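In what follows, a single structure is set out as structure tokens and then discussed.
Computed over heavy atoms, backbone and side chain alike; hydrogens, waters and symmetry mates excluded. Quantities reported herein were computed from a predicted structural model and do not represent experimental measurements. Positions are given from 1 along the sequence.
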Amino acid sequence: MNINRLKDIRLDRDFKQIDIANVLGIKQQQYSEYERGIVLISIEKLNILADFYNTSVDYLIGRTDERKSYPKSLLK
């Protein structure tokens with residue numbers, strides 16, 4: 001996973017770690033560990049971040065350089 005992406009997208013939008021930690025319902029220290037690659041972020045948290053940043057999980061983990069989010073599936 002491209003851990004730099006989490007930090008880059010946060011800084012691009014002028015958020016602090018505490019802001020994103022609040023979005024995820026976690027402590028700032030835990031979010032910092034995600035950004036530094038100490039702890040792996042769960043799929044659930046990645047989905048929350050993808051929705052928050054209006055991008056895809058693939059972008060967040062470095063599988064694509066396309067920031068645009070995918071269309072939402074009609075199947076749920």
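In plain terms, the two heavy atoms of L60 and A50 that are nearest each other are CD1-N, 3.6 Å. Residues I20 and Y53 approach most closely at CD1-OH, 3.2 Å, considering heavy atoms.
Linking ILVMFWY residues whenever their side-chain heavy atoms come closer than 4.5 Å, directly or via other members, places L46 and I38 in the same cluster. A continuous path of Ile, Leu, Val, Met, Phe, Trp and Tyr side chains, each step under 4.5 Å between heavy atoms, connects I9 with I43, placing both in one hydrophobic cluster.
Side-chain contact check for L24 versus Q30: every heavy-atom pair is 4.5 Å or farther apart. Within the 4.5 Å cutoff, the side chain of Y59 has no heavy atoms near those of the E66 side chain. Between R10 and E35, the closest side-chain pair of non-hydrogen atoms falls below 4.5 Å. Between I26 and Y34 the shortest side-chain heavy-atom distance falls below 4.5 Å. Residues K45 and V23 are not in side-chain contact: their nearest non-hydrogen atoms beyond the backbone lie 4.5 Å or more apart.
Within a 6.0 Å radius of CZ in R36, other residues, nucleotides and ligands contribute more than 12 heavy atoms.
With sequence neighbours excluded, no residue satisfies side chain to side chain contact (heavy atoms under 4.5 Å, CB included) with K27. The side chain to side chain contact (heavy atoms under 4.5 Å, CB included) search around N22 returns I18, not counting sequence neighbours.
Atom-to-atom distance recorded for D51:CG and N54:CG is 8.5 Å, nearest 0.5 angstrom. Annotation: the span from S56 atom OG to I61 atom CD1 amounts to 8.5 Å, rounded to 0.5 Å.
Between F52 and F15, the distance separating the two ring centers is shorter than 6.0 angstrom.
A salt bridge does not link D19 with R13: none of the charged nitrogens is closer than 4.0 Å to a carboxylate oxygen.
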As a quick check of understanding, evaluate side-chain contact (heavy atoms from CB on, under 4.5 Å) for I41 and L49, giving each step before the final call.
CA-CA 10 Å; I41 187 168; L49 288 178; 3.7 Å; yes
Start with the C-alpha distance between R5 and D65, add both sets of side-chain angles, then the distance that settles side-chain contact (heavy atoms from CB on, under 4.5 Å), and finish with yes or no.
CA-CA 10 Å; R5 212 38 72 92; D65 290 331; 2.7 Å; yes
Might you work through the side-chain contact (heavy atoms from CB on, under 4.5 Å) test for Q17 and K7, ending with a clear yes or no?
CA-CA 9 Å; Q17 285 184 343; K7 183 176 182 179; over 6 Å; no
